[in-house]
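Everything on this sheet refers to the single structure shown next.
Note: hydrogens, waters and symmetry copies are ignored here, and every other heavy atom, side chains too, is used. Numbering starts at 1 and runs along the sequence shown.
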Amino acid sequence: MQSLVQPDTMRSAALAAVITGLAGYPRLWLWTDRPNALWFMVALLVLTSFVLWSFVFAWYPRGTGRPAVGGRLPPRDWLRAVLLGAAAAAVIALVVDPRLRLLKPDDFPDTLSAWIAGALFSLAFGQLFLCYAPLALFLRLFGNPVVAMLLTVLFGQFLLGLQLEAASFQADLPFTVVLLLLRAFLGLAAAYLFLRGGLLLGTTWSLILESRLLFQ
């Protein structure tokens, strides 16, 4: 646990948390029915992301032997990120988005500014919460990248189950199975790319996924 309170870890986590807060501000500002004041939501986002980024900067380098940010990556890793991202984006756009757009139209951006706000939030906090921080935590607990990947996928499945339980619509069994399988694939791909190339590959992957919404 000492690595969590190292000065380098604290500085990196603080800087990343501030960037996360700035990137998440547009999405929170557009959230008109937010339950609390805007300043409180931004402060909560910064505080939460600081803790999660601390996990990443403390335990990812120790678990992988690579820095969370930076480092040279071979071209094949970039190619994997692009191909996996493009394949996942195509599957989501063709199989999931048309159905979800009918069930939850408010979740889809209808303007360029709304897309930018949503993409920034996803890049800065979405993957941090779903992949980066859980994976770093599981690396610290078990020391095995494969186990950490599988537990990160299970964490994503658990969160999806909570989302479906609290959703305002009732998804039928086939669509629920599709969502679970797709979330498992997305979680596995994101964890794999993050282990291979840290935040550079993770951000590339996420940006490709978000870009599909520009063409719908």
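Remark: the backbone N or O of Ser122 is not paired with any side-chain donor or acceptor of Gln127 at under 3.5 angstrom. Remark: side-chain polar atoms of Arg183 are paired, donor with acceptor, to backbone N or O of Gly156 under 3.5 angstrom. Judged by distance alone, the side chain of Arg212 and the main-chain N or O of Leu209 form a donor-acceptor pair under 3.5 Å.
Inter-residue side-chain proximity for Trp78 and Leu200 is flagged as met; some heavy-atom pair is nearer than 4.5 Å. Counting heavy atoms from C-beta on, the side chains of Trp205 and Leu186 come closer than 4.5 Å. Within the 4.5 Å cutoff, side-chain heavy atoms of Leu195 are placed close to those of Leu139. With a 4.5 Å cut-off on side-chain heavy atoms, Arg11 and Gln6 do not count as touching. Put simply, the side chain of Pro61 does not reach to within 4.5 Å of the side chain of Arg66, judged on heavy atoms. Two residues are said to be in side-chain contact when any heavy atoms from C-beta on lie closer than 4.5 Å; Phe142 and Leu151 meet this criterion. Between Thr20 and Thr48, the closest side-chain pair of non-hydrogen atoms is not below 4.5 Å. In this structure the side chain of Asp172 reaches within 4.5 angstrom of the side chain of Phe175, judged on heavy atoms.
When all heavy atoms of Met10 and Ser54 are compared, the pair lying nearest together is CE-OG, 3.8 Å. The two residues Pro134 and Cys131 come nearest to each other via the heavy atoms CD-O, 3.3 Å. Between Ala93 and Pro98, the shortest heavy-atom contact is O-CD, 3.1 Å. Residues Leu188 and Val153 come closest through the heavy atom pair N-CG2, 3.5 Å. The heavy-atom pair separating Leu84 from Ala189 by the smallest distance is CD1-CB, 4.4 Å. Contact between Leu123 and Thr203 at its shortest, heavy atoms only, is CD2-O, 3.8 Å.
Criterion: ILVMFWY side-chain heavy atoms under 4.5 Å apart, direct or through other members. Under it, Phe50 and Leu22 are not part of a common hydrophobic cluster. Residues Trp115 and Phe215 share a single hydrophobic cluster, defined by chaining ILVMFWY side chains whose heavy atoms lie under 4.5 Å apart. A continuous path of Ile, Leu, Val, Met, Phe, Trp and Tyr side chains, each step under 4.5 Å between heavy atoms, connects Leu103 with Val95, placing both in one hydrophobic cluster. Val42 is connected to Trp31 through a chain of hydrophobic side-chain contacts under 4.5 Å among Ile, Leu, Val, Met, Phe, Trp and Tyr, so both are in one cluster.
Salt-bridge formation is not detected for the pair Asp77/Arg72: no Lys NZ or Arg NE/NH1/NH2 atom is positioned less than 4.0 Å from an Asp or Glu carboxylate oxygen.
Here the CD1 atom belonging to Ile92 is positioned 9.0 Å from the CG atom belonging to Leu213, to the nearest 0.5 angstrom. In this structure, Leu180 CG and Leu164 CG are separated by 6.5 Å, a value rounded to the nearest 0.5 Å. Taken to the nearest 0.5 Å, the CG atom of Leu128 stands 10.0 Å off from the CZ atom of Phe121. Within the model, atoms CG of Asp107 and CG of Leu100 stand 7.5 Å from one another, a figure rounded to the nearest 0.5 Å. Rounded to the nearest 0.5 Å, atoms CG (Leu83) and CD1 (Ile208) are 8.5 Å apart. In this structure, OH on Tyr25 lies 9.5 Å from CG on Leu30, to the nearest 0.5 angstrom.
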| task | Verify side chain to side chain contact (heavy atoms under 4.5 Å, CB included) between Phe57 and Val69, making sure each step is shown before the conclusion. | result | CA-CA 9 Å; Phe57 289 110; Val69 183; 4.0 Å; yes

| request: Tell me, with the steps shown, if Met41 and Arg27 meet side chain to side chain contact (heavy atoms under 4.5 Å, CB included). | output: CA-CA 11 Å; Met41 300 296 293; Arg27 178 66 183 87; over 6 Å; no

| said: For a side chain to side chain contact (heavy atoms under 4.5 Å, CB included) check, start with the C-alpha distance between Phe138 and Met149, then their side-chain angles and the critical distance, and finish with the verdict. | reply: CA-CA 8 Å; Phe138 293 136; Met149 287 175 59; over 6 Å; no

| said: Under the criterion side chain to side chain contact (heavy atoms under 4.5 Å, CB included), I'd like the reasoning laid out for Leu112 against Leu214: C-alpha separation, chi angles, the key distance, then a yes or no. | reply: CA-CA 8 Å; Leu112 179 59; Leu214 285 172; 4.0 Å; yes

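By the 30° and 60° cut-offs, the orientation of the rings of Phe129 relative to Phe125 is parallel.
The only option from Phe194, Trp53, Tyr132, Phe55 that meets the ring-ring contact (aromatic ring centres under 6.0 Å, His included) definition with Tyr60 turns out to be Phe194.
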